[in-house]
A.B. asks: 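Sending over a structure as structure tokens; questions will come in a sec.
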Amino acid sequence: HGLTYTIPLGKDSDPLYAFSRLGLLMDGEYLRDDAEPHRHHCILTVHVSGLSPERLPDLVVRVGSSTSGICLEDMSPVRGTFQVTGHPGEDGVLQFTLLRQGFGDLSADIYDGGRLVGTYDLSSVLDSLGYDWNAEDLSDITLNFSVSSSEVSLVIGPWDDGGSSDMAC
């Protein structure tokens, strides 16, 4: 890949609106092209419920994939390690900014007090719901994690043009 935007390990992406057009043809002395930047990122919002406010600081959400950047020449995903962690705020909400994914391995791990309580294959669930990582402008994603003493359940969606799903672990 040529010119790339790469996400530093442990960080989430900056919001990325970009435009790229390859193979422009010139007819005469002038070339005019209307740049139309598109949204190559989405906001992943995680809502955590079922924990007392005192336990929220013990909860960690780790999101990862092998998409660590984007080629700015053709807007294709760049392979590399992407991993970011966060703690929900007092309201039980945290957000990550993700770039366009391209390798089908987006996942989320949930830790409570340092103990892994759930691993979720987000790519498979989002694919089954029709989420389109190839859309010109990416839609935001909402995850709802309900944590109890015996299980963690996950609800994804809905987004502008898609559905939602439930998972338990």
Side-chain angles (χ1 to χ4, degrees), residues 1-20 22 37-48 56-89 91-145 147 152-167 169:
H1 292 284
L3 184 61
T4 61
Y5 164 70
T6 303
I7 306 165
L9 189 60
K11 304 286 185 184
D12 58 347
S13 175
D14 291 317
L16 179 63
Y17 293 87
F19 169 80
S20 175
L22 301 175
H38 292 286
R39 189 175 196 244
H40 293 273
H41 71 279
C42 68
I43 305 299
L44 172 64
T45 302
V46 179
H47 296 270
V48 178
L56 280 174
D58 293 333
L59 196 78
V60 175
V61 177
R62 181 174 65 196
V63 175
S65 77
S66 62
T67 302
S68 67
I70 194 165
C71 175
L72 297 174
E73 293 172 355
D74 64 4
M75 300 295 127
S76 63
V78 172
R79 189 175 291 277
T81 302
F82 168 72
Q83 192 174 86
V84 63
T85 59
H87 298 273
D91 58 357
V93 176
L94 67 156
Q95 291 186 322
F96 303 103
T97 304
L98 307 177
L99 281 183
R100 185 178 303 280
Q101 299 292 298
F103 305 109
D105 61 356
L106 181 65
S107 65
D109 297 325
I110 308 298
Y111 294 86
D112 185 6
R115 181 180 64 86
L116 179 65
V117 294
T119 296
Y120 301 93
D121 178 353
L122 299 181
S123 287
S124 293
V125 175
L126 291 168
D127 286 348
S128 72
L129 294 171
Y131 188 85
D132 186 3
W133 289 108
N134 295 312
E136 280 191 330
D137 296 291
L138 292 181
S139 298
D140 292 335
I141 301 168
T142 300
L143 303 180
N144 296 304
F145 286 102
V147 181
V152 176
S153 62
L154 165 67
V155 177
I156 298 180
W159 49 86
D160 296 341
D161 55 354
S164 64
S165 176
D166 293 321
M167 293 175 67
C169 180

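Note that this is a predicted model, so its numbers are computed, not measured.
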A.B. asks: Between Gln83 and Leu9, is there a side-chain heavy-atom distance shorter than 4.5 Å?
C.D. replies: yes
A.B. asks: Please give me the minimum heavy-atom distance between Val84 and Gly10, naming the atom from each residue.
C.D. replies: CG2-O, 3.6 Å
A.B. asks: Determine yes or no for a side-chain-to-main-chain donor-acceptor pair under 3.5 angstrom, with Arg39 supplying the side chain and Pro15 the backbone.
C.D. replies: no
A.B. asks: Could you check if a side-chain atom of His40 sits within less than 4.5 angstrom of a side-chain atom of Met75, using non-hydrogen atoms only?
C.D. replies: yes
A.B. asks: For Thr45 and Asp140: C-alpha separation, side-chain torsions, deciding distance, then whether side-chain contact (heavy atoms from CB on, under 4.5 Å) applies.
C.D. replies: CA-CA 8 Å; Thr45 302; Asp140 292 335; 5.9 Å; no
A.B. asks: Determine, for Asp105 against Arg79, whether the closest basic-nitrogen to carboxylate-oxygen distance falls under 4.0 angstrom.
C.D. replies: no
A.B. asks: Side chains of Phe82 and Val63, heavy atoms from C-beta outward: is any pair under 4.5 Å?
C.D. replies: yes
A.B. asks: How far apart are the C-alpha atoms of Ser107 and Leu122, what are their side-chain angles, what is the distance that settles it, and do they pass the side-chain contact (heavy atoms from CB on, under 4.5 Å) test?
C.D. replies: CA-CA 5 Å; Ser107 65; Leu122 299 181; 5.6 Å; no
A.B. asks: Is NZ or CZ of Arg62 both nearer than 6.0 Å to the six-membered ring centre of Tyr111 and within 45° of the ring axis?
C.D. replies: no
A.B. asks: May I ask you to decide if Gly113's main-chain N or O and Asp58's side chain share a donor-acceptor pair within less than 3.5 Å?
C.D. replies: no
A.B. asks: Can you name the closest pair of heavy atoms from Leu126 and Trp133 and give their distance?
C.D. replies: CD1-CZ2, 3.9 Å
A.B. asks: Could you give the distance from CG (Leu98) to OG (Ser65), rounded to the nearest 0.5 Å?
C.D. replies: 7.5 Å
A.B. asks: What heavy-atom pair brings Leu138 and His41 nearest, and what distance separates the two atoms?
C.D. replies: CB-O, 3.4 Å
A.B. asks: Decide yes or no on side-chain contact (heavy atoms from CB on, under 4.5 Å) for Phe103 and Ser123, but give the supporting numbers first.
C.D. replies: CA-CA 9 Å; Phe103 305 109; Ser123 287; over 6 Å; no
A.B. asks: Just so I know, are the side chains of Tyr131 and Ile141 near enough to count as touching, which here means a heavy-atom distance under 4.5 Å?
C.D. replies: yes
A.B. asks: State, to 0.1 Å, how close Thr67 and Pro77 come at their nearest heavy-atom pair, and which atoms those are.
C.D. replies: CG2-CB, 3.8 Å
A.B. asks: Rounded to the nearest 0.5 Å, what separation is found between the OG1 atom of Thr142 and the CD atom of Gln95?
C.D. replies: 8.5 Å
A.B. asks: How far apart are the closest heavy atoms of Cys42 and Ser139, and which atoms are they?
C.D. replies: CB-O, 3.1 Å
A.B. asks: Please tell me if the side chains of Phe145 and Leu59 come closer than 4.5 Å, counting only heavy atoms from C-beta onward.
C.D. replies: no
A.B. asks: Leu99 and Tyr5: side-chain contact (heavy atoms from CB on, under 4.5 Å), yes or no, with the steps?
C.D. replies: CA-CA 10 Å; Leu99 281 183; Tyr5 164 70; 3.8 Å; yes
A.B. asks: Which atoms form the tightest heavy-atom contact between Cys71 and Thr4, and what is the distance?
C.D. replies: CA-CG2, 4.0 Å
